[in-house]
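Everything below concerns the one structure shown next.
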Amino acid sequence: MKFLKRTHTCGQLEASDNGKKVILNGWIHKNRDHGGIHFINLRDRYGIVQVVIDQDAPDQLKKTASELKFEYCIAVSGVVRKRPAEMVNKEMKTGEIEIAAEEITILSSCETLPFMINEKAEAREDLRLKYRFLDLRTEKMQENIKLRHNVAFAAREYLNNLNFFEIETPTFIKTTPEGARDFIVPSRLYPGKAFALPQSPQIYKQLLMVSGFDKYFQIARCYRDEDARGDRQPEFTQIDIEMSFVDKEDILKLTEGMMQHIFSKTAGIELPKEFKRLTYHDSMNFYGTDKPDLRFDLAIGDITDIARESEFSVFKQAAESGGAVKFINAKECGNFSRKQITELEDVAKIYKAKGLAWIKVTETGIDGGISKFFKDKEKIIIDKTKAENGDLLLFVADTWRISCTSLGAVRNKLAADLNLVKKGKFEFVWIVDFPLFDWNEDEKKWDPAHHMFSMPQEQYLNTMEADPGPVKGDLYDLVLNGYEIASGSIRVHDPVIQKRIFNIVGFSEKEAMDKFGFLLDAFKYGPPPHGGIAPGLDRLVMLMCSENSIREVIAFPKNTAGISPLDSSPSELSEQQLKELHIKFTE
RNA sequence: GGGGGCGUAGUUCAGCUGGUUAGAACGCCUGCCUGUCACGUAGGAGGCCGCGGGUUCGAGUCCCGUCGCUCCCGCCA
């Protein structure tokens, strides 16, 4: 097909191009027909430029121009000319010039739009997703997708410079029993059998270490058949990394370097040389979560000791039964209404707190809420909480875990309500020293806290079986602004240690061989010490774009029900397909 | 599996303690307009108030159910 093919893009022309004859291709972004003179804003991926059809233009040109509507795809040939000084638009990158049109051809027309592309008001999300191809035309989505590309490219650039190989691993693999539910692909050739889609390239990247590819990465699609969230999709993308002959510090340093490179290259932001670190215990204890948002303080404190001596039975009981009484000092929130406190309490209750006790601090001491139980301990309370006149103290008394997590949720809500979070701030923190085992009270056994291939820290190797509770692993999460954006560990490469871990969590040798035999087999052939990490590309880009949902940085996401509004998948299978796959749906 | 929020014109929303003909802005259609850039201007079309049931003289509004979207708990590296 022949058409007026562009010589330039809409975003690139400037005053120095004055007088050039150009051809532009793009979409009608705005259309301002004054009867005599007619302006069009023409848009492509690179920008927007004003096209003018002058009063004295030929009739044919004026006729074509009058037919143009929003989002028609057109070709314009014309001459670049400087705008008169008083007509310069300083808001526009191309605002110093305009294109005096000589010929316009309509490449394709556009029906009435389901929503406006050029308005600031956004359409509802389900509509945007149904017409995603239009939604992606908006400036915001174009910027988000562009940044996503830049981030992925910068990651590749950084890792390539350090001699990493990008290696693809299979996406039809064996189903794994641990972790999230697998997406399943039934086998046509082998009735009753199925592939699974990988939750991550975990096992394959470890095999690559055995193969001697000591620096591997892959921008890998991962699949998990679990309910979606704002920051969780059934399919998502990780910058998957694995290295041999390294320890924890090497991986942390590499990741910090990669983040610094990405932020510097794509956003011009210089991150600190080293990121903060918190142990898992301290993170839970002070922030009530393993993914704390450190853009604000509001740390959680402990008054279990005082509570034990108090007359307030709820506190006393929690303290005496091995629980904890935790507090947050909400600075300058002493003016909070009953309703505001109740809203905070509702948040605490979602995380299983039975209530949220409070005390207001005044000029004269403590007041309101549960203060009457603590009149004799007024000084100690004020001292311990570092409270000042006008502060609001919020307490939860429960198990240590519930006290912390519920106050952690209150902490986040307070920060949101008080507007403590500044945009454009990036607070990284490593969470380290995760426990390896969790006590399963229902089944009276130890469960793996994460997966079973993470290395216990050396100091626990002798006592691991005797006392699994305190055992910490060489696991690490990278947290940014309250989101977990990377997770990794040093892996077990010693079959003896691996066997001991299987034993502790009650995983039989037979079971282990059945599920992971090929990995355990590989480890018989000289596996190197190795470890890795997997930053989530979607979440990282989401945060860099100041978005609240990874759907805003994925070109074609699913909705929260796991459905694609664009193609209406998942969809029914034909009888023929079911027959070939040897499967039958029961409902 | 559970809880919260939302569902009114093509779009974004307003619509009070139930009251007669359901509104606005943008978009759309027909005109007018030589410098706009959120162009202006005159007129017009466009609504199963998500769906079903109930209360009532009367329901967009109240109640019950249901569906859809969204946020969260559970689940999930």
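To find a chain, count down the sequence lines: A is the first, B the second, and so on, and within it residues start at 1.
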Salt-bridge contact A:Lys140-A:Glu552 (side-chain N to carboxylate O under 4.0 Å)
yes

Please report, rounded to the nearest Å, how far the P atom of B:C72 is from the NZ atom of A:Lys352.
17 Å

Taking atom types as modelled, find out whether A:Tyr287 and A:Asp293 have a side-chain donor-acceptor pair closer than 3.5 angstrom.
no

Can a side-chain donor-acceptor contact be found between A:Gln457 and A:Asp433 if the only test is distance below 3.5 angstrom?
yes

Would you kindly say whether A:Arg551 and A:Asn559 are connected by a side-chain donor-acceptor distance under 3.5 Å?
no

Starting at atom NE2 of A:His38, determine the distance to atom P of B:U36, rounded to an integer number of angstrom.
15 Å

If you check every side-chain atom of A:Glu98, which of B:G35, B:C75, B:U36 has the closest atom?
B:G35

B:C76 and B:C37, which share atom name C1', separated by this distance in whole Å
49 Å

Donor/acceptor link under 3.5 angstrom from A:Arg124 side chain onto base of B:G50
no

Do the side chain of A:Asp346 and the base of B:G4 come within less than 3.5 angstrom through a donor-acceptor pair of N or O atoms?
no

Are more than 12 heavy atoms from other residues, nucleotides or ligands located less than 6.0 Å from atom CD of A:Glu168?
no

Watson-Crick or G-U counterpart of B:U20, or none if no pair lies under 3.5 Å:
none

If you pin A:Asp231 and A:Ser200 to their nearest nucleotides in RNA chain B, which one's is more 5'?
A:Asp231

Looking only at side-chain N and O atoms, does A:Gln218 offer a donor or acceptor that is under 3.5 Å from a partner on A:Thr169?
yes

Report yes if a donor N or O on one partner sits less than 3.5 Å from an acceptor N or O on the other, where the partners are the side chain of A:Asn89 and the base of B:C37; otherwise report no.
yes

Expressed in angstrom and rounded to an integer, what is the separation of A:Glu91 atom CD from B:C39 atom P?
13 Å

Would the base of B:C37 count as contacting A:Arg83 through its side chain, where contact means a donor and an acceptor less than 3.5 Å apart?
yes

Closest approach to the side chain of A:Glu226, judged atom by atom: which nucleotide of B:C75, B:C72, B:G74 is it?
B:C75

Heavy-atom contacts, protein to nucleotides 28-34 of chain B, under 4.0 Å, summarised as B (base), S (sugar-phosphate only) or - (none) per nt, yield SS---BB

Return the pairing partner of B:C69 with a 3.5 Å limit on both distances, Watson-Crick or G-U wobble; otherwise return none.
B:G5

Find the partner of B:G40: check Watson-Crick (N1-N3 plus N6-O4 or O6-N4) and G-U wobble (N1-O2, O6-N3) distances, both under 3.5 Å, and reply none if neither fits.
B:C32

Can you see whether A:Ser487 engages A:Asp477 through a side-chain donor-acceptor pair at a distance of less than 3.5 angstrom?
yes

Please confirm whether any donor atom in the side chain of A:Arg224 sits under 3.5 Å from an acceptor in the base of B:C76, or the reverse.
no

So how far is it from A:Ser454 OG to A:Arg491 CZ, rounded to the nearest 0.5 Å?
6.5 Å

In whole Å, what separates the P atom of B:C62 from that of B:U17?
8 Å

Expressed in angstrom and rounded to an integer, what is the separation of A:Asn559 atom CG from B:G7 atom C1'?
16 Å

Anything under 30° is parallel, anything over 60° is perpendicular, the rest tilted; go ahead and classify A:Tyr131 against A:Phe133.
perpendicular

Stacking here means centres under 5.5 Å and planes under 30°; does A:Phe115 stack on B:U11?
no

Roughly how many Å is it from CE in A:Met116 to C1' in B:A9, rounded to a whole number?
16 Å

Which residues within residues 474-493 of chain A lie with some heavy atom under 4.0 Å of an atom in RNA chain B?
A:Glu484, A:Ser487

Under a 3.5 Å cutoff, is there a donor and acceptor pairing between the side chains of A:Glu547 and A:Asn144?
yes

Between B:G52 and B:A59, how far apart are the C1' atoms? Round to whole Å, please.
15 Å

